[in-house]
Amino acid sequence: ARAGMNISNEFAEHGIQKILEVKDWGLKSFRITKQVVNEKLGKGTRTVDFVLEEKIEKIKDTKSRYQRLLELAQILQTQLTAVQGTKRAMAEIFVDLSHKQRELEGEMIANGKSFESVNDQSETLIKALVSFTDGLKTLVERTIQDSLDTITKYDKTRVEFDAYRT
C-alpha cells in the first residue's frame, strides 16, 4: 500500500510541476503579447539603441541592394549563355557555307573561326560569372540572412525585456 502511495505522490508532484510550468509560460506569453500590442498601438515604451537600429537598417538596405545585384548577375548569366549558343550556331553555319560557296570559302572560314574564338572567350566569362553569382548568392542567402535572423532573435529578446521592465 505504501509503494502505491509513493507512486501516487510522485505522479501528483509531477502533475503540479507541469501545471506550474504552463502557468509560468502563460504569464510570460501574456506579458510579451501585451508589450507587442502596446508597441504597435504606440502605448508601450520600447527600449531603443539608436546606433544599433541604424546598423540594422544598414544591413537590411545592404541585403536588398545585393539581392538586386544577384538578380541582375543571374539575368546576365542566362543572357550570355543564350548568346553563346547563338554564336556557336553561327560559327557552324559559316563553316557549312564555306563548303557550299567556294568563292567565299576564305571569308566564311575566317568568320567561323572568329565566332569560335569569341565563343571560347565567352566560356571563360560565363565561368567567372557563375563563380561570382554563387559567391553573391551565399552572401545574400546565408551570411546576411544569418545576421537578419540574429536581429529577429534580438528583437524578440528586447520585447521580452521590455515586457518585464514595465
Side-chain angles (χ1 to χ4, degrees), residues 1-89 92 116 118-166:
R2 262 198 193 279
M5 216 163 164
N6 281 342
I7 292 174
S8 181
N9 284 341
E10 288 176 19
F11 182 73
E13 286 177 18
H14 184 70
I16 290 170
Q17 183 64 32
K18 287 295 179 188
I19 289 171
L20 290 175
E21 287 175 13
V22 169
K23 176 187 146 205
D24 291 343
W25 173 82
L27 288 172
K28 179 181 175 183
S29 296
F30 174 75
R31 279 186 168 167
I32 292 170
T33 303
K34 181 180 174 188
Q35 178 68 27
V36 169
V37 169
N38 283 337
E39 283 181 16
K40 299 248 187 229
L41 295 174
K43 296 179 182 177
T45 57
R46 182 176 189 267
T47 302
V48 178
D49 180 346
F50 294 108
V51 174
L52 184 60
E53 293 293 324
E54 186 178 312
K55 289 179 181 179
I56 289 170
E57 286 306 312
K58 188 175 180 181
I59 289 171
K60 289 177 180 178
D61 181 56
T62 299
K63 182 183 181 192
S64 68
R65 291 173 190 265
Y66 277 118
Q67 181 68 44
R68 181 66 181 139
L69 181 61
L70 175 61
E71 291 166 2
L72 292 172
Q74 288 171 332
I75 289 169
L76 181 60
Q77 182 181 335
T78 301
Q79 290 173 340
L80 286 175
T81 302
V83 168
Q84 187 180 23
T86 302
K87 288 186 285 188
R88 185 176 296 118
E92 290 171 5
E116 286 175 2
V118 169
N119 214 22
D120 291 341
Q121 293 171 6
S122 293
E123 186 71 34
T124 305
L125 175 62
I126 290 172
K127 286 179 183 177
L129 194 55
V130 166
S131 176
F132 172 75
T133 304
D134 288 345
L136 195 57
K137 188 174 183 179
T138 300
L139 176 69
V140 170
E141 294 179 0
R142 292 197 180 158
T143 308
I144 295 176
Q145 189 57 47
D146 283 350
S147 297
L148 293 175
D149 292 344
T150 301
I151 290 167
T152 301
K153 289 176 186 174
Y154 157 78
D155 197 49
K156 286 180 182 178
T157 304
R158 183 207 50 82
V159 169
E160 185 175 340
F161 170 78
D162 286 348
Y164 281 95
R165 182 177 55 87
T166 56

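Please read these numbers as outputs of a predicted model, since none were measured by experiment.
- The shortest side-chain heavy-atom distance between K43 and V37 does not fall under the 4.5 Å cut-off.
- Counting heavy atoms of neighbouring residues, nucleotides and ligands inside a 6.0 Å radius, atom NZ of K63 exceeds 12 of them.
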Salt bridge (Lys or Arg N to Asp or Glu O under 4.0 Å) for D155 and R158? Distances and angles first, verdict last. CA-CA 5 Å; D155 197 49; R158 183 207 50 82; 3.1 Å; yes

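- When atom types are taken as modelled, the side chain of S131 and the backbone of K127 share no donor-acceptor pair closer than 3.5 angstrom.
- Between K28 and E160 there is a side-chain heavy-atom pair separated by less than 4.5 Å.
- The NZ atom of K55 sits 13.0 Å away from the OG1 atom of T62 when rounded to the nearest 0.5 Å.
- Distance check, rounded to the nearest 0.5 Å: CG of L52 to OH of Y154 gives 4.5 Å.
- V140 and I144 get closest at one heavy-atom pair: O-CB, 4.0 Å.
- With 3.5 Å as the limit, one finds no donor-acceptor pair spanning the side chains of Q17 and E13.
- Taking CG of L139 as the start and CG of D134 as the end, the distance is 12.5 Å to the nearest 0.5 Å.
- Every residue meeting the side-chain contact (heavy atoms from CB on, under 4.5 Å) condition with L69, not counting sequence neighbours, appears here in chain and number order: Y66, F132, L136.
- A 6.0 Å sphere centred on CD of E54 holds no more than 12 heavy atoms belonging to other residues, nucleotides or ligands.
- Heavy atoms only, all atoms of each residue included: D61 and R65 are closest at OD2-NE, 2.8 Å.
- Every residue two or more places apart in sequence or in another chain that forms a side-chain contact (heavy atoms from CB on, under 4.5 Å) with D149 is listed here: Q145, D146.
- Atom-to-atom distance recorded for Q121:CD and K87:NZ is 8.5 Å, nearest 0.5 angstrom.
- Rounded to the nearest 0.5 Å, atoms CZ (F161) and CD (Q35) are 10.5 Å apart.
- The two residues Q84 and S122 make their nearest non-hydrogen contact at NE2-C, 4.4 Å.
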Distance-only check: which donor-acceptor pairs under 3.5 Å involve side-chain atoms of residues 72-83, not counting sequence neighbours?
unit_1 : atom_1 : unit_2 : atom_2 : d
Q77    : OE1    : T133   : OG1    : 3.4
T78    : OG1    : Q74    : O      : 3.0
T81    : OG1    : Q77    : O      : 2.8

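- Within the model, atoms CG of L125 and CG of D120 stand 13.0 Å from one another, a figure rounded to the nearest 0.5 Å.
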